[in-house]
Amino acid sequence: MVTAEHILEDLNAPQREAVTTIAGPLLILAGPGSGKTRVIAHRIAYLVDVIGVAPWRILSVTFTNKAAREMRSRVSAHLGEAAGDLMLGTFHSICARLLRTEADRIGLNRQFNIYDDADQMSLMKRACEYANVDTKRFKERAILGAISHAKSELVSPETYARQARDYFGEVVARAYDTYQQLLVENGALDFDDLIVRVVEMLQNHEGLREKYQERFLHVLVDEFQDTNIAQYQLARLFAGKHPNICVVGDPDQSIYSWRSADIRNILNFERDFPDAKTVLLEQNYRSTQNILDAAHAVIAGNKQRKEKSLWTSAGGGEPIVAYEAYDEAEEADFVANEIATLVEEERRPYGEFAVMYRTNAHSRALEEALIRTRVPYALVGGTRFYERREVKDVLAYMRLVQNPHDAVSFTRIVNVPGRGIGTKTLSELDRWAREREVPPYTALQLIAEQENAGAGRSGAGARPIGAKQTRTLIEFQEMIAELQNVAEKNNLSTLLDGVLERTGYRKYLYAEFDEAEADERWENIGELRNVASEYDGLSAGHGLVSFLEDVALISDADTVPDTDDPHSGRVTLITLHSAKGLEYPVVFMTAMEEGVLPHIRSFDDAMQMEEERRLCYVGMTRAKQRLYLIRAFKRYGMGSSSHNPPSRFLKDIPQQLIAQRSAVRSQHEAVERGPSRFREEFARRDERPPVPEELVYAGGERVRHPRFGEGIVVSSQMVKDDQEVTVAFKGEVGIKKLMLSFAPLEKL
DNA sequence: CGCCGTACGGTTTTT
DNA sequence: CCGTACGGCG
């Protein structure tokens, strides 16, 4: 038996307060590295062990599945097996579980499939088609964004239509209505629906509402600053009977507003629960004072924030290293070399390092450099496993087996491997089905019956498509029916094998791709089979449901290697967003440039700019001992290269915290041992003539460029120790910005 | 009618 | 640079 003293030892005063304030609403504002995960775990242990709350009556919501696993293992350190009964997970996973449990009572198809981003897009295209949306004028992505946002605020299609004030709003309203109908027809829920449907369930079914409100004595929500309106509403509903709701968050770390996370939730919490107690966790146990001061200097640049102090008893620590590389290849080289040096000089395992970047595309150069230097790494995100084509294909077959009305999965694989079913056949089938107001798969069954009865081409119900295609489609439908049969009687890997065998998927891969690529793709299928075999212990139907659900709800951050595993000897490559909640002794933040961080798309919006700043703050505060802020003088992106000035956030960091590292040393190294491409680049850089200190070109001058042809100078300006000349070239080339030191311009 | 080639456009972050 | 859209061919 664990005592209260044992749970509370090693906690500071506010942490203790956060653990022991158990009755009524509680708002914990926790700065980075303030031990909030630990506090939540201890709070749960305290509730169970000291107060005597049954674990299954505690609902604890985390941001990722990984965080949920971590929480469970922390709690079980105190409680042992009892931790297994906790209701623990992300909003999405908890809602999916609840919806399956209550499906029959709320008239929901228990076999519902969960649609991810790509599935939603595919459905959206159909919705736009049916709703006659001019997709040239209004992009599907924008419409989907508006719909998703509406759902996050619990706005129904009807309400949306009523509130629509402009033409775009009317278009979205039409698409929204159609899109929701299609989801129902397909027996599918998208991510937003998972939340919305549970909120509706609790609002509309008194019995179920009472059941869950009675059950949950305590509700905890972590990363509260990143919840949306619907999620907050859901948490409130769960805590409707016992208002013991504890939310934990940090407004300075709110980085998901683009996903409809709403910072107003924190303000509303204080309004909705006027008797709420607030606890501030401000002592930082993670970073050195230098890192903390630098991070604070950055976040202090935001106007929309409440000042809070951050302090640590740890000393000043190493200075923050700032470095300007020549281009992204040299930037990556610097990171790889620096890691190698620290591994050697400070005996640090690779698992202590993380390299962070704003966009996934930036991982490429880093990977190349790490491979070259033989530094082991783990890439988080990027082209995710479950997004690979072959994996999605096989999953689509399995989803179709679970729910044949899933038209998104159907369209995906009806012609994979190629069976000679093209767009024309599919649209005819679709038209035929809609005429009769039946789902496409039912239409297929009808056609099959009709053919078997010998009706053929004549008569009132004549088949909509050619004989050959009809036969192929019937064979396809029969195959799915057979696989459903397999699924009912066998475990999951048998079903997967059945899919591979009946579709001839392996043969298809080797026919479609060259051997190396086919090998790789087939290996991915093997990996998927390994995952599937973990569900073999479950009963036939249940295995498929859980597998598909887990696959749909798995996230990037769930694949982050565990840092506490001493053998996880790998450097972590990760986006700034995915790094939230993590910490590393050594952190490299790359591409600290205007246009990247802050991202160019946030330039004209003050709110978005503040979010970029918070993102920068989140990245910096991941570092425990050493922090590197790196940028490149020149960066390649989508074909062309560009020069980005240093990020504005760098300017906010006091100079005395920073050690500037010159690029010279590394440049020479690269010239000596680097591949020829780098040698050429550096040679060219060294050769370039010194840039004159006065502007060389004035507006109106005529110039010639070897590739762009003739043009007229629009303007020119000094940029650091170089000159940027804006030239309007003739013809299709248009206006270009050129750096004088690189552009071979010629006066005419 | 389906398949394969070329042109073009868009381009952050992810539960 | 990558995925999609469209046009010609089999």
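Residue numbers start from 1 in every chain, and the chains themselves are labelled A, B, ... in the order their sequence lines are given, proteins ahead of strands. Given the structure is predicted, the values throughout are model-derived calculations rather than measurements.
Inspection of the A:Asp393 and A:Tyr505 side chains reveals an N or O donor paired with an N or O acceptor under 3.5 Å. Between the side chains of A:Tyr510 and A:Glu517, no donor-acceptor pair of N or O atoms lies under 3.5 Å. A:Asp262 and A:Asn228 share no donor-acceptor pair across their side chains, judged by distance under 3.5 Å alone.
Rounded to whole Å, the distance from CE on A:Met121 to P on B:dT14 is 18 Å. Protein atom NZ of A:Lys66 is 17 Å distant from nucleotide atom C1' of B:dT14, rounded to whole Å. Distance CG (A:Asp192) to P (B:dT14): 17 Å, rounded to an integer number of Å. Per the geometry, CG belonging to A:Leu144 stands 17 Å off P belonging to B:dT14, to the nearest Å. For the pair A:Ile574 CD1 and B:dT13 P, the computed distance is 13 Å after rounding to whole Å. As rounded to whole Å, 5 Å separates atom P of B:dT14 from atom CG of A:Asn360. Here the C1' atom of nucleotide B:dC1 and the NZ atom of A:Lys468 are 9 Å apart, to the nearest Å. Atom-to-atom, CD of A:Gln120 to P of B:dT15 comes out at 13 Å; the value is rounded to the nearest Å.
Between the side chain of A:His149 and the main chain of A:Ser260, no donor-acceptor pair closer than 3.5 Å is present.
Geometrically, A:Arg613 does not engage A:Tyr617 in a cation-pi contact, judged by NZ or CZ lying under 6.0 Å from the ring centre and within 45° of the ring axis. For the pair A:Arg419 and A:Phe476, the cation-pi criterion (under 6.0 Å, within 45° of the ring axis) is not fulfilled. Remark: A:Arg434 qualifies as a cation-pi partner of A:Tyr130 under the 6.0 Å distance and 45° angle criteria applied to the six-membered ring. Cation-pi geometry between A:Arg100 and A:Phe112 is satisfied (NZ or CZ under 6.0 Å from the ring centre, within 45° of the ring normal).
A:Ser578 comes within contact range of the sugar-phosphate backbone alone, with a heavy-atom separation under 4.0 Å but no base atom that close. Within the nucleic acid shown, A:Phe91 has no heavy atom closer than 4.0 Å to any nucleic acid atom.
Checked against B:dT14, B:dT12, C:dC2, the side chain of A:Trp258 finds its nearest nucleotide in B:dT14. In this structure, the nucleotide among C:dC2, B:dT15, B:dT12 sitting nearest to the side chain of A:Arg364 is C:dC2.
Both stacking criteria are satisfied for A:His599 over the base of B:dT12: a centre-to-centre distance under 5.5 angstrom and an angle between ring planes under 30 degrees.
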Between the protein and nucleotides 5-10 of chain C, which nitrogen or oxygen pairs come in under 3.5 angstrom?
none

Strictly under 3.5 Å: I want the nitrogen or oxygen pairs between protein and nucleotides 2-4 of chain B, one per line.
{"unit_1": "B:dG2", "atom_1": "OP1", "unit_2": "A:Gly422", "atom_2": "N", "d": "2.8"}
{"unit_1": "B:dG2", "atom_1": "OP1", "unit_2": "A:Thr425", "atom_2": "OG1", "d": "2.2"}
{"unit_1": "B:dG2", "atom_1": "OP2", "unit_2": "A:Lys424", "atom_2": "N", "d": "3.4"}
{"unit_1": "B:dG2", "atom_1": "O5'", "unit_2": "A:Gly422", "atom_2": "N", "d": "3.4"}
{"unit_1": "B:dC3", "atom_1": "OP2", "unit_2": "A:Asn415", "atom_2": "ND2", "d": "3.4"}

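A centroid separation of 6.0 Å or more is found between the aromatic rings of A:Phe224 and A:Phe63.
The side chain of A:Asn228 places no N or O atom within less than 4.0 Å of a non-bridging phosphate oxygen (OP1 or OP2) of B:dT15. Between A:Thr575 and B:dT14 there is a side-chain N or O to OP1 or OP2 distance below 4.0 Å.
Nearest-nucleotide mapping onto DNA chain B: of A:Phe191 and A:Arg601, the residue sitting toward the 5' end is A:Arg601.
Annotation: salt bridge (Lys or Arg N to Asp or Glu O under 4.0 Å) contacts involving residues 138-150 of chain A, sequence neighbours excluded, comprise A:Asp117-A:Arg141.
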